[in-house]
Asks: 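Sharing a structure, written as structure tokens. Questions coming.
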2 protein chains.
Amino acid sequence: MSKPAESNATILDVARRAGVSRTTVSRVLNEPDRVSKDTLQRVQDAATALNYSPNSFARSLRSGRTGVIALLVGDISQPFHGSLAQAVVEAAEERGFGVMLYDLGHSTARLEDVLRKLPRQGVDGMIIATADDVSTSSISDAVRECIAQGIAIVTGVEQFEVDGITSVRTDHREGARLAMEALASEGLTRPAILLGDRNGPIGKQLVAGAQGATVHEVGYTFDDAAAAVKILANDHDSLIVATLPMALGAMSALTRAGRSLPVVVCEEVPFAAQVTPAFSTSAVPPDETGREMVRLVDAVINSIPLEPRALHASLTRRESF
Amino acid sequence: MSKPAESNATILDVARRAGVSRTTVSRVLNEPDRVSKDTLQRVQDAATALNYSPNSFARSLRSGRTGVIALLVGDISQPFHGSLAQAVVEAAEERGFGVMLYDLGHSTARLEDVLRKLPRQGVDGMIIATADDVSTSSISDAVRECIAQGIAIVTGVEQFEVDGITSVRTDHREGARLAMEALASEGLTRPAILLGDRNGPIGKQLVAGAQGATVHEVGYTFDDAAAAVKILANDHDSLIVATLPMALGAMSALTRAGRSLPVVVCEEVPFAAQVTPAFSTSAVPPDETGREMVRLVDAVINSIPLEPRALHASLTRRESF
DNA sequence: TTGTAAGCGTTATCAA
DNA sequence: TTGATAACGCTTACAA
């Protein structure tokens with residue numbers, strides 16, 4: 001029986017055991033081609049025997065790379081961001097990255113803090129996934145600083161007026177447009193659209209896509225939407241709602257008022273299908289977005305030329321319309 | 001105007017500028033008391049002037065500490081884990097830790113992979129937050145290896161039969177018991193309880209707490225619960241359900257069958273209050289659990305003696321009962 | 001194909 | 001109170 005091998009072996013231990021220099025061991029790990037077949041074998045044997053694995057700090061210290069990307073989300077307690085994070089974590093792992101999670105709690109001050117801290121934290125790249133409007137000048141400064149430090153940045157929607165940022169190409173207008181068309185095709189031609197912030201990066205697109213709908217800017221929460229519904233004019237025949245929490249709020253207020261209206265939500269999460277009535281959605285699935293974000297950030301980190309992929313919204317009919 | 005100071009300054013740069021040695025600069029950062037007031041000031045000025053911040057890899061390389069904890073969750077797309085993660089991230093940050101996120105997708109194989117990888121990844125501690133039954137011997141081995149590597153481990157519920165693991169003291173029996181009592185106090189004395197796995201760490205406790213209820217082991221998903229409800233005997237007057245997705249599934253099937261039953265859910269998440277009807281819950285809020293987890297892992301990492309705090313379930317009446 | 005040796009930026013151990 | 005100096009474990013010119 002071999003010893004458990006506490007795995008604190010260093011590259012030097014492996015080198016000694018294989019009767020070679022550290023350089024050779026390092027080469028076996030990083031450029032196996034440059035090593036003779038024979039020594040390759042010997043080194044690999046020694047490595048496994050000692051249960052060796054490279055110290056990531058030492059490696060980072062030399063290479064400047066960490067193998068870590070930061071994921072900044074507006075609110076991880078929301079299913080949308082959870083689904084996104086799930087896809088990001090999975091895709092990142094496939095590419096050999098770990099993911100550090102930061103929750104912004106919808107606060108721009110918090111975002112700025114994180115941005116200021118990240119360069120010191122040592123991440124290769126970051127994904128900023130918030131639909132909030134975060135275009136202040138001090139945040140742009142912080143973002144610029146990150147880029148200057150060589151951190152790759154990917155956002156879910158065009159956010160900052162800063163060069164060197166890659167954004168996912170998601171056309172949210174399409175989501176709204178598809179919803180409008182579907183409603184219209186069943187004779188519902190007087191929809192209202194409820195959104196959190198008409199000047200936010202997503203809100204703008206929804207407004208553009210929902211030409212002809214009455215726009216109500218109500219805030220992002222369940223309560224916001226519930227309150228808004230109460231003062232909604234009676235001449236609407238249907239509702240388009242930006243997010244699932246808002247849709248739940250609207251639905252709840254509607255039910256409570258003894259009213260009922262066809263609803264389409266511009267956000268696709270598993271929960272949408274599980275509530276009663278199940279919500280029809282028109283959106284880009286968050287896992288697609290997440291995967292694309294990782295693909296992009298990986299490309300930027302490794303300076304691989306990229307062709308951002310266009311992500312499309314699709315309509316899923318369920319019970320709410 | 002001072003120069004932008006690209007922030008790539010090292011400790012040596014600061015030392016030179018302040019006219020001291022690196023040692024002194026390091027002391028200013030780590031043990032300010034051991035430095036004369038005068039030099040302290042000079043060094044700090046130099047540091048800010050150069051926009052200096054310590055390189056975290058070099059620091060980790062020397063100290064063996066990373067300031068990072070890993071959070072392993074069963075399924076981050078579920079609101080419960082999202083809320084938990086939110087609390088964990090916030091509490092961790094308060095204590096100076098960053099959080100790396102790992103999603104297990106309810107897979108034990110995946111858990112083992114992660115456990116095997118983490119010691120090389122360089123984390124000071126880890127929080128394992130899954131309600132799945134993961135007690136296999138190879139997983140216990142992997143856990144032991146982590147502990148041997150000096151990684152602090154905290155779990156949400158007693159999981160592994162391994163020494164050196166700290167668990168949050170949450171009494172899930174209490175959640176179930178409270179639900180039973182509340183139902184009984186309104187004359188509902190023949191409840192069924194729906195849970196995913198009666199041998200899982202949580203399932204066991206729920207069963208123990210719901211003495212007198214008929215136990216149905218149905219699986220963890222929406223569909224599982226929906227299917228189970230269809231074959232539920234007619235002589236039950238109420239339902240206790242382990243998770244929100246399951247509760248939604250049950251409710252959906254009930255509605256579809258034209259039936260209706262009082263329901264209490266043993267999981268508290270914001271969504272529970274937002275669906276229609278809003279669910280009554282009897283559980284420990286996930287953010288409390290998350291905060292406690294971080295408190296514990298921090299204590300273990302810094303070998304501070306700790307008194308695990310008992311977390312209590314509470315009943316919140318809403319519309320479903 | 002392999003090895004030598006110089007760092008990467010910190011912190012810890014001595015001395016002074 | 002301060003400072004030389006040696007690690008920490010790895011990568012990478014440059015030599016051999």
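Order of the sequence lines sets the chain letters (A, B, ...), proteins ahead of strands, with each chain counted from 1.
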Asks: I'd like to know if the side chain of A:Asp132 pairs up with that of A:His106 as donor and acceptor (distance under 3.5 Å, no hydrogens or angles considered).
Replies: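 Indeed, the side chains of A:Asp132 and A:His106 share at least one donor-acceptor pair under 3.5 Å.
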
Asks: Between A:Arg27 and B:Ser26, which has a closest nucleotide on DNA chain C that is more 5'?
Replies: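 It is A:Arg27, whose closest nucleotide lies nearer the 5' terminus.
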
Asks: Please classify the nucleic acid contact of B:Ser56 as base, sugar-phosphate, or nothing, using heavy-atom distances under 4.0 Å.
Replies: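 No contact at all - B:Ser56 keeps every heavy atom at 4.0 Å or more from the nucleic acid.
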
Asks: Rounding to a whole Å, what distance do you find between B:Leu12:CG and D:dG3:P?
Replies: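 Rounded to whole Å, this separation is 12 Å.
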
Asks: Taking five pairs at each end of the helix from C:dT1-D:dA16 to C:dA16-D:dT1, what angle separates the two helix axes (nearest 10°)?
Replies: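 End-to-end axis angle for the helix from C:dT1-D:dA16 to C:dA16-D:dT1: 30°, rounded to 10°.
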
Asks: Given atom CZ of A:Phe57 and atom C1' of D:dA7, what is their separation to the nearest angstrom?
Replies: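 The answer, rounded to whole Å, is 16 Å.
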
Asks: Between B:Arg295 and B:Arg309, is there a side-chain heavy-atom distance shorter than 4.5 Å?
Replies: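 Sidechains of B:Arg295 and B:Arg309: in contact.
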
Asks: Taking the side chain as every heavy atom from C-beta outward, state whether A:Ile11 and A:Pro54 have any atom pair closer than 4.5 Å.
Replies: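 Counting from C-beta outward, A:Ile11 and A:Pro54 never come under 4.5 Å.
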
Asks: Out of B:Leu296, B:Val300, B:Asn302, which residue meets the side chain to side chain contact (heavy atoms under 4.5 Å, CB included) rule with B:Asp298?
Replies: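 Among B:Leu296, B:Val300, B:Asn302, the one meeting side chain to side chain contact (heavy atoms under 4.5 Å, CB included) with B:Asp298 is B:Asn302.
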
Asks: So, OP1 or OP2 of D:dG3: does either fall under 4.0 Å of a side-chain N or O from B:Ser21?
Replies: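 Checking D:dG3 against B:Ser21, a side-chain N or O does come within under 4.0 Å of OP1 or OP2.
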
Asks: From the options B:Val114, B:Val73, B:Ile76, select the one residue that forms a side chain to side chain contact (heavy atoms under 4.5 Å, CB included) with B:Leu104.
Replies: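 That would be B:Val114; it is the only one of B:Val114, B:Val73, B:Ile76 passing the side chain to side chain contact (heavy atoms under 4.5 Å, CB included) with B:Leu104.
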
Asks: CZ of B:Arg22 versus P of D:dA4: gap in Å, rounded?
Replies: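 About 10 Å, once rounded to whole Å.
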
Asks: Under 4.0 Å: is that the gap between some side-chain N or O of A:Ser60 and OP1 or OP2 of D:dC10?
Replies: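 No.
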
Asks: Using the side-chain heavy atoms of B:Ser36, tell me which of these nucleotides is nearest: D:dA7, D:dT1, D:dT11.
Replies: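 It is D:dT1.
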
Asks: Less than 3.5 Å apart, any donor N or O on the side chain of B:Thr66 or B:Asp124 sitting next to an acceptor on the other?
Replies: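 Yes, a side-chain donor-acceptor pair sits under 3.5 Å.
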
Asks: Distance check, rounded to the nearest 0.5 Å: B:Asp13 atom CG versus B:Tyr52 atom OH?
Replies: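 So the CG of B:Asp13 and the OH of B:Tyr52 are separated by 9.5 Å.
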
Asks: Could you tell me the separation between the CG atom of A:Asn55 and the P atom of D:dC8, rounded to a whole number of Å?
Replies: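 Those two atoms, CG and P, are 11 Å apart.
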
Asks: So do A:Asp141 and A:Arg144 actually touch side chain to side chain, heavy atoms under 4.5 Å?
Replies: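 Yes - at least one pair of side-chain heavy atoms lies under 4.5 Å apart.
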
Asks: Between B:Lys37 (NZ) and D:dT1 (P), how many Å, whole number?
Replies: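 B:Lys37 atom NZ is separated from D:dT1 atom P by 13 Å.
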
Asks: D:dT2 C1' sits how many Å from B:Arg34 CZ, rounded?
Replies: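 Going from CZ in B:Arg34 over to C1' in D:dT2 covers 12 Å.
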
Asks: Check whether any side-chain N or O of A:Ser60 sits under 3.5 Å from a backbone N or O of A:Arg65 as a donor-acceptor pair, and report yes or no.
Replies: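 Between the backbone of A:Arg65 and the side chain of A:Ser60 there is a qualifying donor-acceptor contact (under 3.5 Å).
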
Asks: Of B:Leu61 and B:Thr24, whose closest DNA chain D nucleotide lies nearer the 5' terminus?
Replies: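 First, find each residue's nearest nucleotide; the 5'-ward one identifies B:Thr24.
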
Asks: Just the rounded figure in Å: distance from C1' of D:dG9 to CG of A:Leu29.
Replies: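 The answer, rounded to whole Å, is 12 Å.
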
Asks: Please find the earliest and latest nucleotides of DNA chain C, in the 5' to 3' direction, that have an atom within less than 4.0 Å of any heavy atom of chain A.
Replies: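 First and last nucleotides in contact are C:dT1 to C:dG9.
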
Asks: Please report the distance, rounded to the nearest Å, between CD in B:Gln121 and P in D:dG9.
Replies: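 Between P of D:dG9 and CD of B:Gln121: 18 Å.
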
